[in-house]
Amino acid sequence: MSLTSMMRSAGLALLCLAAISCKKDADPQTSGTGNVNFEFEHRVGTQALQMNTQTYTNANGDDFKVTGFKYYVSNVTLVKADGSKTKIPESYLLIDAADAASRLQKLEKIPAGDYTSVEFVIGVDEPRNFAGAQTGALDPSKGMFWTWNTGYIFLKFEGTSSKSTQPSNQLFFHVGGAKEPANAVRSVSLALPVALRVRTDTEPDMHFIVDIAALFKGKTNISFASISGFHGGANGILVADNYVNGLFKVDHIHN
């Protein structure tokens, strides 16, 4: 074989190796479906949530303890860099800060791809809010349902404060209502710190920080002497307008 032929063969070999390498780097697993775990970590400001024992201070300077915290995340949608969206069917998640199992939620059969943001509703959308008896996370036995007419409690915060005017210094903020003038359904869109890589052979984790302090500050700083207990209504709107922009943050992703 001539020197020219040998050089030509070597060049072809290098091109083949490069093509194989590029094909590997392109990640062929962009078809099929995969699962994603949503993990929810609860805090009050920068402090870890310790229910029943730890005393916190709200933006108004009022002391409080947390005895209960539950909420719905629903209508989850994952968004790619080009703006295309994948809505996850039947994504109604009920998270209870007192229940470790509920703080890790698995979403299944998500189309493979790279997603750069997540959208969801805090609460339950109007059609399902008034759809009658339901199952799973929407089962009325979960303690997040009022009546067939008024529907679901979207977020339930309970605690105590020396500033509360309720018996035994109780606090109860039960946010709900899906019709005007008391529509507390709120939508959230969060950019991801890195792309969420959904593949058929991996199960990435999206880690949320959930800041309870966001209920009491924002558009309206809440005074527990003025608002210490309610079931929906105008006070629920005040709190929903507060937490829509501060309750959730995607802290990190494990691909």
Side-chain angles (χ1 to χ4, degrees), residues 44 58-60 62 64 66-77 85 87-88 90-97 118-134 136-161 163-167 169-190 208 210-249:
V44 182
N58 71 5
N60 194 60
D62 303 336
F64 69 97
V66 182
T67 60
F69 187 59
K70 300 169 69 174
Y71 53 91
Y72 279 107
V73 166
S74 68
N75 293 269
V76 178
T77 299
K85 299 184 177 185
K87 184 173 181 178
I88 314 305
E90 290 301 306
S91 49
Y92 293 88
L93 315 177
L94 177 58
I95 298 92
D96 182 350
V118 60
E119 300 174 353
F120 55 86
V121 167
I122 305 173
V124 179
D125 55 275
E126 182 177 351
R128 294 298 288 273
N129 207 50
F130 306 114
Q134 298 174 64
L138 297 175
D139 191 318
S141 68
K142 301 293 184 181
M144 295 290 282
F145 193 77
W146 280 317
T147 70
W148 299 122
N149 292 322
T150 56
Y152 286 88
I153 303 170
F154 299 163
L155 179 145
K156 180 186 286 188
F157 163 83
E158 296 175 338
T160 59
S161 171
K163 305 296 183 181
S164 170
T165 60
Q166 301 294 328
N169 298 124
Q170 294 179 54
L171 298 171
F172 55 92
F173 287 22
H174 295 182
V175 180
K179 289 184 177 180
E180 300 300 343
N183 184 355
V185 177
R186 294 293 181 270
S187 297
V188 173
S189 178
L190 301 172
F208 293 86
V210 186
D211 181 9
I212 295 174
L215 276 64
F216 315 122
K217 63 181 181 180
K219 292 186 68 174
T220 305
N221 281 359
I222 302 296
S223 161
F224 292 147
S226 299
I227 302 175
S228 53
F230 63 82
H231 299 287
N235 287 332
I237 300 303
L238 288 179
V239 174
D241 285 344
N242 275 350
Y243 65 56
V244 66
N245 290 318
L247 185 59
F248 293 94
K249 179 182 77 172

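These numbers were taken from a predicted model, which means no experiment stands behind them.
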Q) Of all heavy-atom pairs between A184 and V175, which one has the smallest distance, and what is that distance? A) CB-CG1, 3.7 Å
Q. Is the backbone N or O of K142 less than 3.5 Å from a side-chain atom of K70, with the two atoms forming a donor-acceptor pair by type?
A. yes
Q: Show your working on ring-ring contact (aromatic ring centres under 6.0 Å, His included) between F154 and Y152 and close with a plain yes or no.
A: CA-CA 6 Å; F154 299 163; Y152 286 88; 8.0 Å; no
**Q.** N/O donor-acceptor pair under 3.5 Å between K85 side chain and E119 backbone
**A.** no
Q. Is the shortest heavy-atom distance from the side chain of V210 to the side chain of Y71 under 4.5 Å?
A. yes
Q. Residues two or more places apart in sequence or in another chain: which of them pass ring pair (Phe, Tyr, Trp, His ring centres under 6.0 Å) with F216?
A. F64, F157, F173, F224
Q. For N221, what residues pass the side-chain contact (heavy atoms from CB on, under 4.5 Å) criterion, not counting sequence neighbours?
A. A59, K217
Q: Kindly indicate, with the supporting measurements, whether the criterion side chain to side chain contact (heavy atoms under 4.5 Å, CB included) is fulfilled by L93 and F120.
A: CA-CA 10 Å; L93 315 177; F120 55 86; over 6 Å; no
Q: List the atom of T165, the atom of A225, and the distance in Å for their closest heavy-atom pair.
A: CG2-O, 3.5 Å
(Q) Please give me the minimum heavy-atom distance between A178 and F130, naming the atom from each residue. (A) CB-CE1, 3.9 Å
Q: Side-chain contact test, heavy atoms from C-beta onward, threshold under 4.5 Å: evaluate it for V73 versus F208 and give yes or no.
A: no
Q. Looking only at heavy atoms, which two atoms of N129 and T150 are closest? And how far apart?
A. ND2-O, 3.8 Å
Q.
How long is the straight-line distance from OH of Y92 back to CD of Q134, given to the nearest 0.5 Å?
A. 7.5 Å
Q: Compute whether any side-chain donor of one residue and acceptor of the other, for D125 and Y72, lie under 3.5 angstrom apart.
A: no
Q) Are S161 and N169 side-chain neighbours, meaning at least one heavy-atom pair lies under 4.5 Å? A) no
Q) Quick one: does N58's side chain have a donor or acceptor within less than 3.5 Å of a partner on I222's backbone? A) yes
Q) Do N242 side-chain atoms and A214 backbone N/O form a donor-acceptor pair below 3.5 Å? A) no
Q | Over all atoms of both residues, closest heavy-atom pair of L94 and M144 | A | CD1-CG, 4.0 Å
Q) Would you say R186 and D241 make side-chain contact, with heavy atoms under 4.5 Å? A) yes
**Q.** Approximate separation, where rounding is to 0.5 Å, of L171 CG and F230 CZ
**A.** 10.5 Å
Q) Do F145 and D139 come close enough that some side-chain heavy atom pair is under 4.5 Å? A) no
**Q.** Minimum-distance pair of heavy atoms, taken over all atoms of V121 and N75
**A.** CG2-CB, 4.1 Å
Q: Taking the side chain as every heavy atom from C-beta outward, state whether E126 and K179 have any pair of such atoms under 4.5 Å apart.
A: yes
Q.
Distance alone, cut at 3.5 Å: any donor-acceptor contact between the side chains of N60 and D62?
A. yes
Q: Using modelled atom types only, decide if a donor and an acceptor are shared between the side chain of S91 and the backbone of V76 within a distance under 3.5 Å.
A: yes
Q. Quick one: CD1 on I95 to CG on L155, what's the gap to the nearest 0.5 Å?
A. 10.0 Å
Q. Got V188 and L247 here, is their nearest side-chain heavy-atom distance under 4.5 Å?
A. no
